[in-house]
Amino acid sequence: MTKDVLVSIKGLHSVKDADPADADDMVEVFSAGKYYFRNGKHYVEYEELEEDSNTVIKNRITLRDRHLEVIRRGPFQSKMVFEENVKNESWYSTPAGSVLTGFDVEKMQVSEKDELIEISVDYGLEINYEHVADSSICIRIMAKDSGQFHLM
């Protein structure tokens with residue numbers, strides 16, 4: 001994998017007890033980033049703009065074995081840890097205050113090739129110990145010049 005990469009992240013939340021018209025919330029992010037492999041871990045750093053304020057959010061993805069960590073820094077800070085059959089909790093900080101989030105991973109798949117890493121995670125999302133959504137996240141990290149970029 002080259003240092004210059006493209007990152008594609010697609011997240012879907014199926015909200016519990018929501019009106020069917022509002023039940024599914026999907027987010028997609030595309031960004032250029034930097035890739036590093038050190039001490040048996042894959043690292044990807046990239047930035048995105050917060051939709052409402054155009055504030056820069058700095059993100060770092062760390063992958064080792066079947067352990068995925070996503071850290072976001074900016075006005076909304078979070079650390080999300082995903083491991084199959086493990087529930088991890090962390091604080092999600094916003095300007096309005098912090099909430100406890102839980103990630104109960106049901107299934108995680110990782111595919112590594114020379115110029116492409118694909119990660120797929122299905123998990124239950126909890127906020128303050130209450131299950132609020134069945135969620136999934138799909139991450140594609142590809143060498144910038146690989147020609148493998150396509151919309152999911």
Side-chain angles (χ1 to χ4, degrees), residues 1-16 18 22-112 116-144 149 151-152:
M1 179 80 74
T2 63
K3 182 178 179 181
D4 294 321
V5 296
L6 297 173
V7 180
S8 168
I9 300 174
K10 182 178 178 181
L12 175 67
H13 300 290
S14 296
V15 181
K16 176 184 163 187
D22 301 323
D24 292 335
D25 181 25
M26 186 176 72
V27 176
E28 288 185 87
V29 174
F30 304 98
S31 184
K34 298 292 181 191
Y35 169 83
Y36 308 91
F37 185 80
R38 293 188 187 118
N39 301 320
K41 295 179 185 179
H42 301 274
Y43 296 92
V44 178
E45 295 178 347
Y46 67 97
E47 295 179 351
E48 63 183 287
L49 288 178
E50 210 277 338
E51 287 181 29
D52 299 330
S53 67
N54 285 332
T55 303
V56 174
I57 300 170
K58 295 184 179 198
N59 301 286
R60 183 179 72 210
I61 296 170
T62 305
L63 176 67
R64 67 171 161 75
D65 301 322
R66 296 181 65 78
H67 177 100
L68 172 66
E69 182 177 282
V70 180
I71 296 176
R72 299 179 53 139
R73 290 191 172 86
F76 303 99
Q77 297 187 31
S78 65
K79 178 179 178 180
M80 299 172 279
V81 178
F82 302 95
E83 297 175 274
E84 195 167 49
N85 299 316
V86 175
K87 179 179 164 185
N88 286 292
E89 296 176 339
S90 64
W91 290 98
Y92 183 85
S93 300
T94 72
S98 298
V99 294
L100 183 63
T101 54
F103 308 95
D104 191 3
V105 176
E106 299 165 13
K107 181 178 167 187
M108 181 179 210
Q109 295 178 313
V110 178
S111 171
E112 296 180 41
L116 177 66
I117 298 172
E118 294 180 295
I119 308 160
S120 175
V121 182
D122 294 329
Y123 63 98
L125 174 64
E126 292 182 1
I127 296 180
N128 294 328
Y129 300 108
E130 182 179 338
H131 179 85
V132 295
D134 292 320
S135 304
S136 64
I137 186 170
C138 297
I139 301 172
R140 297 182 83 229
I141 303 157
M142 62 218 85
K144 188 175 181 180
F149 179 79
L151 298 177
M152 294 191 284

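Numbering of residues begins at 1 and proceeds along the displayed sequence.
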Margin query: So Arg64 and Glu69, do their side chains get closer than 4.5 Å, heavy atoms only?
Written below: no
Check: Can you check salt bridge (Lys or Arg N to Asp or Glu O under 4.0 Å) on Glu28 and Lys10, steps first, answer last?
Finding: CA-CA 4 Å; Glu28 288 185 87; Lys10 182 178 178 181; 5.2 Å; no
Note to self: If the condition is side chain to side chain donor-acceptor pair (under 3.5 Å), which residues does Glu83 pass it with, not counting sequence neighbours?
What the structure shows: His67, Asn88
Next item on the list: Could you tell me which residues satisfy side chain to side chain contact (heavy atoms under 4.5 Å, CB included) with Thr2, sequence neighbours excluded, listed by chain and number?
Entry: Ala143
Note to self: Please list all pairs meeting salt bridge (Lys or Arg N to Asp or Glu O under 4.0 Å) that have one or both residues in residues 86-95, counting only residues at least two apart or in different chains.
What the structure shows: Lys87-Glu89, Lys87-Glu126
Notebook entry, point to check: About how many Å separate OG1 of Thr62 and CD1 of Ile71, when rounded to the nearest 0.5 Å?
Noted result: 6.0 Å
Item checked: Under the side chain to side chain contact (heavy atoms under 4.5 Å, CB included) test, residues paired with Gln77 that sit two or more places apart -> Ser93
Checklist line | Interatomic distance, Lys107 atom NZ to Asn85 atom CG [nearest 0.5 angstrom] | finding: 12.0 Å
Next item on the list: Drop me the distance from Ile137's CD1 to Leu68's CG, to the nearest 0.5 angstrom.
Entry: 7.0 Å
Note to self: Please evaluate residues Leu100 and Trp91 with respect to the criterion side chain to side chain contact (heavy atoms under 4.5 Å, CB included), reporting the C-alpha separation (whole Å), side-chain torsions for both, the decisive distance (0.1 Å), and the verdict.
What the structure shows: CA-CA 5 Å; Leu100 183 63; Trp91 290 98; 3.9 Å; yes
Next item on the list: To the nearest 0.5 Å, tell me how far Lys3 NZ sits from Lys144 NZ.
Entry: 12.0 Å
Check: Under 4.5 Å between any side-chain heavy atoms of Tyr35 and Ile117, yes or no?
Finding: yes
Next item on the list: Please name the pair of heavy atoms, one in Asp65 and one in Val110, separated by the smallest distance, quoted to 0.1 Å.
Entry: O-CG2, 4.5 Å
Check: Sequence neighbours excluded, which residues qualify as side chain to side chain contact (heavy atoms under 4.5 Å, CB included) partners of Ser135?
Finding: His13, Tyr123, Leu125, Ala133
Margin query: Once ring-ring contact (aromatic ring centres under 6.0 Å, His included) is applied, do any residues pair with Phe76, and if so which ones, sequence neighbours excluded?
Written below: none
Check: Is the side chain of Ser31 donor-acceptor paired with the backbone N or O of Glu47 at a distance under 3.5 Å, no angle test?
Finding: yes
Note to self: Considering only residues two or more places apart or on different chains, which pairs with a residue in residues 34-46 satisfy salt bridge (Lys or Arg N to Asp or Glu O under 4.0 Å)?
What the structure shows: Asp4-Lys34
Checklist line | Thr55: partners by side chain to side chain contact (heavy atoms under 4.5 Å, CB included), with sequence neighbours left out | finding: Glu50, Ser53, Pro75
Next item on the list: Please name all residues satisfying ring-ring contact (aromatic ring centres under 6.0 Å, His included) with Tyr46, sequence neighbours left out, ordered by chain then number.
Entry: none
Note to self: Apply side chain to side chain contact (heavy atoms under 4.5 Å, CB included) to residues Ile61 and Ile9 and explain how you reach the verdict.
What the structure shows: CA-CA 11 Å; Ile61 296 170; Ile9 300 174; 4.2 Å; yes
Next item on the list: Give the minimum heavy-atom separation between Phe103 and Val81, together with the two atoms involved.
Entry: CB-O, 3.9 Å
Next item on the list: List in chain and number order the residues that pass side chain to side chain donor-acceptor pair (under 3.5 Å) with Asn59, two or more places apart in sequence or in another chain; answer none if no residue qualifies.
Entry: Glu48
Notebook entry, point to check: Which residues pass the side chain to side chain donor-acceptor pair (under 3.5 Å) test with Arg66, sequence neighbours left out?
Noted result: Glu84
Next item on the list: Return the set of residues passing side chain to side chain donor-acceptor pair (under 3.5 Å) with Glu112 (not counting sequence neighbours), or none when no residue passes.
Entry: His42
Check: Would you say Thr101's side chain and Ser90's backbone share a donor-acceptor pair under 3.5 angstrom?
Finding: yes
